[in-house]
Amino acid sequence: MSPVTRVPVLRGRDAEENVLSRLLDDARAGSGGALLLTGAAGMGKTALLDLAAARASGFRVLRVAGVEPESRVPYAGLHGLLRPVSAAVAALPAVQARALAAALESGTCGAGLALPAAVLGLLSAVAAERPVLACVDDADRLDAASLDALSFVARRLSCEPIALLFTTRPPAPTPYRERGPDGEPVQEGFDGGATWRLDGVPVRELRGLDGPAVRELAADLAPGGLAEDLPAALDQIACGNPLALRELIGALTPDQRAGLAAPPAVLPPGGRLWREHTDVLARLPARTRRLSLLIAADPALDVATLARAASPACALSVLEPAERAGVLRAEGDAFAFREPAMRAVAYHAASLAERRRAHRVLAALLTPPRPQPSDAAGAPGSEEGSPDGERAGGWERLRRAWHRAWAGDGGEEAGDELARAALAVRWAAGSSEPGLAPERRAGFPEPYLALERAAELTADPAVEAGRLAAAARHAWVSGRPLAARSLLARLRSPGAPEELRGHVQLLRGSLELLGGETGSAREELLAAARRLLDSHRVLGVRALVRAADASYRAGDNRAFIAIARQAAALRRPDEPATAQLMFEYLAGMAHTFSGLHQEAAGPLRRVLELAGSVRDPAVLTWACVAGMLLGEDAVAHRLSARAVEEARLRGAASAVPQLLEFTIYPDVWMGRYASVAATAAKGLRLARETGQHNTAAQHLAWLAVSAAVEGDQETCRIRADAAIELADAHELGLAGAVGNWALACLDLAAGRVADAAGRLRAERRNRHVVIKVMSTPHYIEAAARTGDRERAAAALRVLERWVGSTRSPALRALVSRCRALLSVRPGEAEELFLDALRLHGQGVNAFEAARTHLLLGSALRRDRRPGAARNHLHAALETFERHGARLWTEQARAELRASGEPVRPAADATVSQLTAQQAQIARMVAAGATNKEVAEQLFLSRRTVEHHLRNIFSKLGIRSRVELVRFMS
């Protein structure tokens with residue numbers, strides 16, 4: 001019995017797996033072909049060959065790998081590939097047999113077709129018994145004669161049961177040969193000749209893995225688990241390269257695995273990728289390496305500055321060998337390393353003396369800008385940004401100070417200069433998102449790294465502690481939570497100044513608020529407030545508000561109210577505008593949580609009045625919440641958009657995921673569910689990249705709500721369950737309530753009204769006041785339809801008290817609709833429904849208007865007035881179809897049929913069988929999107945996309961993507 005071949009599991013390579021499967025299937029059917037896989041070292045080319053070999057059941061598998069020592073030995077590659085089947089040479093015509101024997105035995109062969117035809121004939125003879133899979137790994141290192149013969153074969157397989165796979169590195173632009181003064185060759189490079197020799201062979205380039213695949217691979221490589229935000233931090237070095245991720249995880253220390261120490265900044269020295277990169281660099285001329293080191297030391301270096309560093313005789317032509325070897329590429333007015341990880345290798349592989357020399361040259365080249373008035377160092381915990389004009393010169397000063405500090409010449413004075421420059425910059429100016437490779441980030445060097453270096457050069461322990469605290473805060477702001485925690489871990493000394501402890505506790509509490517347990521975050525933030533209120537009052541008040549926010553996220557209304565009372569007792573008449581806004585916010589929210597909505601309206605309106613003079617993104621989100629509670633959805637939307645833009649301008653990557661969360665609330669009230677899905681998908685990605693697991697739970701829950709509206713039951717349940725699991729682990733009453741609401745919305749849309757009422761009545765999942773109020777119209781509808789009128793009436797009274805404190809016609813429309821559902825007098829329900837529709841007309845929520853049309857049409861039909869019912873049911877149907885709300889569409893169609901209306905068929909009755917998400921996936925795949933691309937755009941796992949595709953094929957009665965393209969067209 002033959003052993004079972006183990007099929008390797010590859011993460012993030014679904015599209016490539018599908019291509020290989022089709023190639024093997026075609027070869028089995030007698031219609032073979034060839035494929036060239038190209039990609040950087042470590043991208044998984046050999047792993048895909050292993051996968052193909054494992055799946056090639058019934059095939060004769062032949063393999064060879066190109067190696068440098070044999071690359072100049074003619075026909076060495078053919079010898080390695082064909083030696084296992086050389087006995088079949090006897091079946092060839094005599095001329096071909098002699099040519100092939102000469103090539104394999106002596107490495108000689110005459111010109112003409114005899115040899116390549118013999119190779120094709122030999123493979124065909126072997127394939128006559130069973131199909132053949134031939135794998136040529138590292139074809140760019142194969143000898144040219146073998147590659148020519150195999151490329152001949154690759155272009156002639158359409159009628160043969162043969163699959164031929166090649167892998168190569170990406171080619172360098174051109175071949176080159178450097179010569180010394182005596183004219184003798186001293187340096188040679190390779191032009192990737194495999195690529196042009198394989199003209200006519202389909203090419204597939206392997207790119208870096210996406211975020212979900214990186215997390216899956218990290219879980220495979222570290223079964224014991226890693227700190228939750230560590231995979232994203234490692235991927236900033238690996239840039240999606242599977243081997244790089246494998247080597248990085250293998251080299252982690254226990255503290256790094258647990259998130260207690262900063263992650264590595266470079267590939268492990270001695271690893272395969274490190275050796276690959278250093279070997280390429282070592283083949284460059286010495287002067288090319290020296291100039292490349294300057295680019296590695298300062299990726300923001302422009303061509304003009306670089307030209308001044310090159311010798312006048314050669315100018316920038318000295319970099320041509322690096323370009324031809326594929327090390328560097330020109331990008332606008334600068335040079336960048338082709339492979340992101342190579343920059344760090346080029347820097348760290350140089351000796352200490354070489355690195356210091358490079359920094360010394362760069363410090364001399366960069367002219368210090370004229371000092372700005374904003375150069376005064378701020379407090380480590382300061383959260384105010386500097387104007388754009390002040391930042392522009394600050395970056396240039398920071399770059400020069402950075403190089404001076406690493407040149408090793410200035411000592412403590414250089415550290416002082418570096419700290420002043422970093423604190424003058426304050427916020428990273430640029431629009432780079434987290435996850436971009438370090439050399440592509442707009443702000444180099446990052447302030448937290450500069451402050452950390454300044455601390456290392458400081459002799460005074462108190463000054464050193466202040467700089468480490470400032471570095472930790474900047475690391476957090478720029479989306480580097482692991483670096484922030486590592487820096488904070490170095491500040492646990494009891495000798496740290498009292499004032500500094502408050503700043504440190506504020507940062508620790510903020511980190512915990514968005515990534516840990518809300519209870520411990522609240523206690524840390526309250527302790528920070530006690531230390532800061534006297535010395536840094538606005539920061540102290542901010543700490544109080546964030547502690548209250550921890551209670552808000554946990555759904556602990558009593559704790560929030562207690563903090564608000566504590567804050568009210570501390571309030572002074574001469575508070576600055578930012579502090580006034582925060583005090584008013586706490587007062588308004590406390591009244592809301594106490595059910596005193598009329599009393600809450602005054603403070604909340606003052607919050608909106610004060611918001612015009614505020615630029616701080618976090619403070620603007622509190623104003624957004626105030627607008628939402630006042631029913632001012634458009635105002636709330638504008639404030640949340642302002643907050644996101646302010647954070648983007650300041651480079652505050654850590655703020656963006658939470659700010660995006662607050663743009664979702666007004667979108668929900670306005671029925672913009674497509675916008676909800678897009679914003680939540682982006683927020684979820686950024687939250688995961690920046691280690692904000694609590695924010696990630698919130699975005700997952702909103703994605704579940706959008707799936708419920710679409711009627712995608714499976715996706716809704718997957719996302720809601722994931723959000724609720726995170727909520728339970730991190731004490732997140734808010735995320736748990738939204739996830740539960742999503743499931744109730746799904747039940748209601750599917751007609752499971754008892755299940756919906758039960759979910760929204762469950763006390764454990766519905767303690768969060770804001771979400772409880774938002775879900776009240778759904779609960780009243782479900783409770784009224786199950787006959788639980790008493791509880792529905794009690795819920796309506798609570799809703800009426802809140803809506804009465806607002807000026808929102810959209811909210812008053814919901815109240816009228818709920819009253820109609822509970823009315824008992826003849827004719828009253830219709831009047832209330834019509835009043836609700838009139839109020840809907842003054843707003844923008846077409847989806848809720850359609851729900852009211854559906855309920856009114858259903859009531860009129862039951863009242864035996866089918867003619868009057870049909871107009872409302874048609875209006876509902878049209879809106880539900882426009883929103884892709886499949887389950888609600890089915891309800892409207894069922895009501896129309898019950899009214900005696902012949903319901904028009906869908907545009908395509910077969911496609912209408914698909915869920916909204918399945919239809920979207922079908923359209924994307926038919927347009928040419930891969931599973932990976934679909935997963936990225938819809939924020940699903942690739943396995944979920946595969947599952948959906950199987951169901952799509954089953955429902956449509958098709959078997960392949962080709963058939964799907966024909967069907968959809």
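Residues Thr679 and Trp702 are not in side-chain contact: their nearest non-hydrogen atoms beyond the backbone lie 4.5 Å or more apart. The side-chain heavy atoms of Arg522 and Asp556, taken from C-beta on, include a pair separated by under 4.5 Å. Side-chain contact between Glu452 and Arg490 is present, with at least one heavy-atom pair separated by less than 4.5 Å. With contacts defined as side-chain heavy-atom distances shorter than 4.5 Å, the pair Val738/Gln698 qualifies. In this structure, the side chains of Thr776 and Val798 stay at 4.5 Å or more apart for every pair of heavy atoms.
The heavy-atom pair separating Leu700 from Ala722 by the smallest distance is CD1-CB, 3.9 Å. Shortest non-hydrogen contact noted between Leu513 and Asn694 is O-ND2, 2.7 Å. The shortest non-hydrogen separation linking Cys624 to Leu639 is N-CD1, 4.0 Å. The minimum heavy-atom distance between Ser654 and Trp476, with the atom names listed, is CB-O, 2.8 Å. Residues Ala483 and Tyr448 approach most closely at CB-CE1, 3.8 Å, considering heavy atoms. The two residues Tyr673 and Val668 make their nearest non-hydrogen contact at OH-O, 3.9 Å.
Put simply, CG on Leu451 and CD on Glu446 are 11.5 Å apart, with the number rounded to the nearest 0.5 Å. The distance from atom OG1 of Thr518 to atom NE2 of His730, rounded to the nearest 0.5 Å, is 10.0 Å. Note that the CG atom of Asp667 and the CZ atom of Arg672 stand 5.5 Å from one another [nearest 0.5 Å].
Under a 3.5 Å cut-off, the side chain of Gln580 and the backbone N or O of Leu610 do not form any donor-acceptor pair. The backbone N or O of Tyr552 lies less than 3.5 Å from a partner atom in the side chain of His768, making a donor-acceptor pair. Here the side chain of Ser486 pairs no donor or acceptor atom with the backbone of Leu482 at under 3.5 angstrom. Thr806 places a side-chain N or O within donor-acceptor distance of the main-chain N or O of Val803, the cut-off being under 3.5 Å. Panel note: side chain Gln256, backbone Ala262; a donor-acceptor pair is recorded below 3.5 Å. Judged by distance alone, the side chain of Ser640 and the main-chain N or O of His637 form a donor-acceptor pair under 3.5 Å. Formation of a donor-acceptor pair under 3.5 Å by the Ser808 side chain with backbone atoms of Leu811 is found in this model. A donor-acceptor pair is defined here as one N or O able to donate and one able to accept, closer than 3.5 Å; no such pair exists between the side chain of Arg453 and the backbone of Gly415. Panel note: side chain His699, backbone Pro657; a donor-acceptor pair is recorded below 3.5 Å. No donor-acceptor pair under 3.5 Å is formed between the side chain of Glu646 and the backbone N or O of Ala618.
A salt bridge does not link Arg485 to Glu512: none of the charged side-chain nitrogens sits closer than 4.0 Å to a carboxylate oxygen. A salt bridge is defined here as a Lys NZ or Arg NE, NH1 or NH2 lying under 4.0 Å from an Asp or Glu carboxylate O, and Glu396 with Arg400 fails to meet this definition. For Glu645 and Arg642, the salt-bridge test fails: no basic side-chain N is under 4.0 Å from an acidic carboxylate O. At a threshold of 4.0 Å, the pair Asp616-Arg542 counts as salt-bridged, since one of the basic side-chain nitrogens sits closer than that to a carboxylate oxygen. Between Arg553 and Glu731 there is no salt bridge, since none of the side-chain N atoms of the basic residue sits less than 4.0 Å from a carboxylate O of the acidic one. Taking 4.0 Å as the cut-off between side-chain N and carboxylate O, Glu417 and Arg397 do not count as a salt-bridged pair.
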(request) List the steps, then state whether side-chain contact (heavy atoms from CB on, under 4.5 Å) holds for Leu586 with Val545. (result) CA-CA 7 Å; Leu586 288 174; Val545 179; 3.9 Å; yes

(request) Go through the steps to decide whether Arg606 and Glu609 satisfy the test salt bridge (charged side-chain N to carboxylate O under 4.0 Å, His left out), and finish with yes or no. (result) CA-CA 5 Å; Arg606 286 191 287 277; Glu609 292 168 4; over 6 Å; no

(request) For side-chain contact (heavy atoms from CB on, under 4.5 Å), just list the numbers for Leu544 and Leu570, CA-CA rounded to whole Å, side-chain angles, deciding distance to a tenth of an Å, and then say yes or no. (result) CA-CA 11 Å; Leu544 277 177; Leu570 296 168; 3.9 Å; yes

(message) Leu604 vs His591, test: side-chain contact (heavy atoms from CB on, under 4.5 Å). Steps then yes/no.
(response) CA-CA 10 Å; Leu604 293 176; His591 287 314; over 6 Å; no

(request) I would like to know whether Gln566 and Leu526 meet side-chain contact (heavy atoms from CB on, under 4.5 Å); could you show each step before the answer? (result) CA-CA 11 Å; Gln566 178 185 349; Leu526 287 174; 4.2 Å; yes

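For the side chain to side chain donor-acceptor pair (under 3.5 Å) test, no residue two or more places apart in sequence or in another chain qualifies with Arg801. Scanning for side chain to side chain donor-acceptor pair (under 3.5 Å) contacts around Trp622 gives Asp549, with sequence neighbours left out. In this structure Thr458 satisfies the side chain to side chain contact (heavy atoms under 4.5 Å, CB included) test together with Glu412, Asp460, Val463, Glu464, Arg467, sequence neighbours excluded.
The number of heavy atoms from other shown groups lying within 6.0 Å of CD (Glu575) is above 12.
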